[in-house]
Each structure stands twice: as structure tokens, then as C-alpha cells.
Amino acid sequence: MLGTSIHPLKMVPLLGKTKTMILTYSSSFITHLLSLPPTSTSTSTPTLAISSSSSSSSSSPLHRSSKGLLGSILRYKFRGYCSSRVNRGELMDNNTKVVHNPDSISYLNQREAAEVDEILMGSLGFSVDQLMELAGLSVATSIAQVYNAKEYNRVLTICGPGNNGGDGLVVARHLYHFGYKPFVCYPKRTAKPLYTGLVTQLESLGIPFLSVDDLPMNLSEDFNILVDAMFGFSFHGTPRPPFDDLIQRLVNLQNYKEINQKPPVIASIDIPSGWHVEEGDMRGDGIKPDMLVSLTAPKLCAKKFSGSHHFLGGRFVPPSIVDKFKLHLPPYPGTSMCVRIGKAPQVDISSMRENYISPELREEQVDPDPFVQFQKWFDDALATGLKEPNAMALCTAGIDGKPSSRMVLLKGFDKDGFVWYTNYASRKAKDLAENPNASLLFYWDGLNRQVRIEGSVQKVSEEESEHYFHSRPRGSQIGAIASIQSTVIPGRDFLHQDYKYLEAKFSDGAPIPKPKHWGGYRLRPEFFEFWQGQPSRLHDRLCYSPQEHSLHLHYEILKNLMISLN
């Protein structure tokens with residue numbers, strides 16, 4: 001369903017009204033695509049044909065030959081292969097969920113886990129509070145990766161008297177700063193300064209402490225997430241009151257699942273409380289957490305974990321411990337404090353949806369000049385700290401009309417248009433030579449906003465390209481020369497050798513000449529659409545269409561209320 005109404009506004013000429021902004025965010029220089037070319041027989045070992053690229057996107061060379069590379073695609077699977085950074089940003093950023101085979105990872109028994117802790121806090125110089133802080137941060141980031149604060153806002157952390165309980169106190173503090181509403185049940189408080197300090201920190205944030213009597217018997221009534229921080233790997237024996245009752249309350253939540261009620265999820269720290277460190281849930285009637293965050297290295301009981309989300313946290317294991325215990329641990333992605341172990345759960349894609357909560361986008365609140373309005377929204381994206389707010393999807397189509405999209409980085413905009421730089425031999429460049437029309441799409445997830453811009457495209461002047469080229473890091477300049485996008489090369493080593501040769505050639509610090517095949521494009525807008533996500537798919541869209549009046553170009557604003565039925 002689509003309703004459209006036109007609201008005439010007093011229009012302001014575009015000329016001389018907008019700010020000029022040049023972005024100098026450092027971009028990287030190498031992406032390429034690996035594919036397997038055809039061979040004479042299906043049993044032959046395929047060789048690699050690699051397409052090199054140095055622009056801000058990875059463009060497939062498949063359109064170049066229906067017999068060569070396309071034929072190889074029909075015979076073999078192909079995969080994308082990127083350098084450690086691409087222009088869109090790091091290949092794996094802090095929020096990337098990396099899956100690792102549980103069978104290839106080391107698991108510690110109780111004695112080994114205790115010995116690792118002794119070494120960390122002995123000869124390696126770690127203090128208990130350091131390890132506790134890192135452990136708690138790891139658990140909090142794991143929870144935040146899986147459970148959105150908008151849907152799983154109310155978190156109860158149940159803390160025991162030992163280090164596992166201290167980890168839970170740290171988790172509650174970090175979840176507060178992540179936007180959750182934490183509560184803490186800490187019935188057997190430890191009088192040591194470390195623990196009393198953690199309590200003081202939580203109290204200073206206004207985080208409520210609840211007694212066991214304050215808790216409802218059915219914990220699903222008040223909480224979305226339950227953090228099990230009662231007992232760690234050093235616990236022996238049978239849980240005593242009140243923890244035996246608290247564990248049973250967590251166990252009872254399974255009954256609500258069986259009658260199709262939605263209980264809160266359970267996230268256990270290091271081991272589920274009440275489990276044997278090595279044998280797991282020996283009686284079969286213990287806690288069945290939805291998430292387990294192993295610390296340092298998984299304990300043997302983690303092999304019996306059957307929940308949806310197993311993460312490893314505690315990014316502090318040095319090589320000496322890895323070597324001593326012959327540990328095989330997954331690498332942490334980027335600067336993340338946690339890494340997923342095992343496969344992510346299967347999700348019904350049709351049920352995935354976000355109910356956007358945003359201010360309304362009204363005609364009287366926007367600027368009549370779309371360039372000024374874009375500047376305002378771009379400033380908001382910068383102020384929010386979004387990663388690469390200048391990333392945009394560039395869509396082109398050649399003479400055959402087949403569309404092609406890739407991510408590039410905006411490098412400047414003003415009243416004359418939006419500028420990016422690339423390789424003039426790339427697929428997008430060839431598309432633009434045949435059809436000089438394109439569209440840009442900005443999506444700012446943290447603000448529930450997107451902007452679509454359509455228009456005609458021209459190359460920027462050679463002087464402008466020259467100026468920007470020499471503003472880039474020297475490594476990026478060399479990469480632009482070494483990598484000829486969308487051409488087949490013998491292999492990645494060929495690319496590296498060429499880069500090293502050029503690096504040596506220009507090692508004297510003299511200016512590097514801009515290659516003729518590299519430069520900028522400018523899209524001159526003919527259409528803007530500003531989109532603001534709203535609840536129940538009643539999204540707001542404001543469209544700017546150019547209107548000619550005398551000698552000046554004005555934009556007319558059209559209000560579209562978009563209702564999506566998915």
C-alpha cells in the first residue's frame with residue numbers, strides 16, 4: 001500500500017547555499033576475487049585465476065568472457081578472497097560472529113583450568129581484578145552480539161560468592177553501559193575490597209539489588225535474560241541454599257518452553273552452575289542454558305552444551321600458556337572480546353524483522369535544499385560514531401541494462417554532486433562509459449536512516465583527481481598502481497611482488513605519479529529520497545525532485561508514507 005501527497009513548499013535555489021566537505025578517510029588498496037578456471041577433465045587439479053582490484057569495491061570480471069571465467073563458474077565453486085582490509089572497512093570488525101569447529105578446539109579439565117589460573121596470577125603478573133574485568137566484558141559483549149537490547153532489555157544477573165559471581169557483577173556494569181536494564185541478585189556477598197568495590201560501582205549507577213525473596217517464583221514474568229554467575233569451575237559438592245533454589249528456578253523455565261511460552265534466555269558464565277566441570281549435567285535435570293560463554297579456554301563440560309550460542313571470551317591467554325598446555329584456540333576477530341564456537345543457529349529468515357523506533361520525518365522539519373538536509377543527516381551519523389558513515393552502495397548498469405552494485409567510499413560532496421574515486425578500467429567505470437547514470441545508497445543502521453540519490457555521472461577533472469591522489473597514504477597510492485581492477489592475474493603473490501617492486505621504486509620519498517587509469521567520478525543528483533524507519537513498517541520517506549523555474553533549479557518535496565506488509 002502506498003499513499004502519496006504533494007506538499008508545495010517555498011523553494012530555495014541550490015546555488016551558493018551548501019557547505020563543501022572533503023573526506024580524507026584512509027582507504028585500502030587491494031581486493032580481488034578467486035575463481036577456478038575450466039580444465040580438460042573434472043578430476044584435474046584446478047588452477048587459480050585471480051582478478052585484481054584497487055578501487056573501493058570488489059567487481060566481478062564475469063562479464064568479460066562467457067567461455068573463460070564464466071565457464072569456470074559453471075564447473076567449480078568460487079569464493080571471494082580479500083586482503084586484511086577492504087575499502088568498506090575491515091573484513092571482520094568487532095561485531096563479526098566467527099564460527100569455529102568445536103572439535104578442533106582444546107578443552108581443559110578442572111586441574112588444568114586451575115593451573116592456568118595459577119600461572120596467570122603468578123609468574124605472568126595478572127591480578128584477580130584484571131582477569132575479572134576482562135572476563136566480565138567478554139560475557140557482556142557476547143550477550144550483546146546475540147540479544148538485542150531493545151527486545152531483551154531486562155537482565156537479571158545471579159551472582160555467587162566467588163570469582164564467578166564477581167564476573168557477573170562486572171557483566172551487569174557493562175550491560176548497563178550497553179543500554180540494557182540490569183538487576184542483580186547477590187545473596188552471599190563477599191566482604192573482600194574487590195567485591196565491595198564492584199557493588200559500589202553498580203549502586204552508583206542505580207542498578208537495583210534484589211534479594212531472593214524479592215524475586216518472583218516464575219522468573220519469566222520480569223526478565224528477558226538471566227545471567228548464571230553462581231558457580232565456576234572451582235566449585236565442589238552440592239549447591240547449598242539459597243543457590244539450590246535459584247538453580248531450580250532456572251531449571252523450571254524449561255517447563256514454560258514446553259507449553260510454548262517464551263521464557264527468558266539463560267546465559268551461563270564459564271560453566272552452567274551445578275554442572276560437573278568435566279562430566280557436565282550428570283543427572284540430566286540441571287540448567288540448560290541458551291548461551292555459554294567459556295573463559296580462557298572451554299572446560300570439558302562444554303562438550304555437553306547443547307544450547308544455541310557458545311562463545312569463548314577472556315582474550316588474555318599468552319603464547320607461553322598456549323604452548324605449555326598445547327592449546328588450540330580460535331583467533332579473535334578484529335578487536336572483539338569474544339568469538340563464536342560452533343555453528344550459529346538456523347534462523348527462519350522470513351521471521352527476521354526490526355521494529356524501528358525513530359522520530360517522525362516531517363516536511364516542516366527538513367531543509368528545502370536536499371544538500372543541506374544530507375549534510376545534517378551526515379553530521380548526525382558522524383556524531384553517533386557509526387563506522388564509516390561515508391560508505392555507500394554504488395549501482396551502475398551498462399549498455400545491456402544489467403545492474404551491478406558494490407560498496408564505495410564517499411570522498412566529498414557539495415552542490416555540484418557526490419564524489420568517489422576508483423579504477424577507470426573497472427566494471428563500474430565501463431558501465432558508466434556506456435550508461436552515465438547511477439544511484440547511491442547510504443544506510444545508517446544506528447539511526448534507522450537511509451538516503452537514496454540518483455543522477456548522472458561524469459569524471460572529475462584531472463587536477464581534482466591528482467590533488468586527492470596525493471592526499472592518500474603512500475601505500476594506497478602504490479596500491480592504485482599495482483592493482484588493475486577486473487583483470488586476471490596469475491595469483492596473489494604476483495600482486496604482492498608488483499607492490500613490493502613499486503614500494504622499492506618509490507622508496508626515496510619523491511612524489512608518486514598518479515596512474516592514468518585512476519581517478520574520480522561525480523554524481524550530479526536528479527533525485528533524493530530520505531528514509532526514516534518507523535514502527536509497524538509505517539516508514540517515512542521524503543523525496544526531492546528537481547523543478548525548473550526560470551534560471552534556477554529548485555527541489556519539490558514529495559511525502560511518501562511507505563507501508564510494508566512483511
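Figure legend: Arg452 and Tyr443 shown without cation-pi pairing, the cationic atom not lying both under 6.0 angstrom from the six-membered ring centre and within 45 degrees of its axis. Geometrically, Arg449 does not engage Trp531 in a cation-pi contact, judged by NZ or CZ lying under 6.0 Å from the ring centre and within 45° of the ring axis. In this structure, Lys303 forms a cation-pi arrangement with Tyr107, its terminal cationic atom sitting closer than 6.0 Å to the ring centre and no more than 45° off the ring axis.
In terms of modelled atom types and a separation under 3.5 Å, the side chain of Asp540 and the main chain of Leu361 share a donor-acceptor contact. Panel note: side chain Trp444, backbone Pro389; a donor-acceptor pair is recorded below 3.5 Å. Under the 3.5 Å distance criterion, the side-chain polar atoms of Gln130 are matched with a main-chain donor or acceptor of Ser127. Side-chain atoms of Ser138 come within 3.5 Å of backbone atoms of Gly314 as a donor-acceptor pair (strictly under, hydrogens ignored).
The line from CZ of Arg111 to CD of Glu278 is 9.5 Å long, rounded to the nearest 0.5 Å.
Ser358 and Gln534 share no side-chain donor-acceptor pair at under 3.5 Å. A donor atom on one side chain and an acceptor atom on the other are found under 3.5 Å apart for Asp379 and Gln375. Using modelled atom types and a 3.5 Å distance limit, the side chains of Arg406 and Ser404 yield a donor-acceptor pair. Counted by atom type alone, Asp213 and Ser211 present zero donor-acceptor pairs between their side chains at under 3.5 Å.
Just one of Asn163, Asp129, Thr190 meets the side chain to side chain donor-acceptor pair (under 3.5 Å) condition when paired with Tyr195; it is Asn163.
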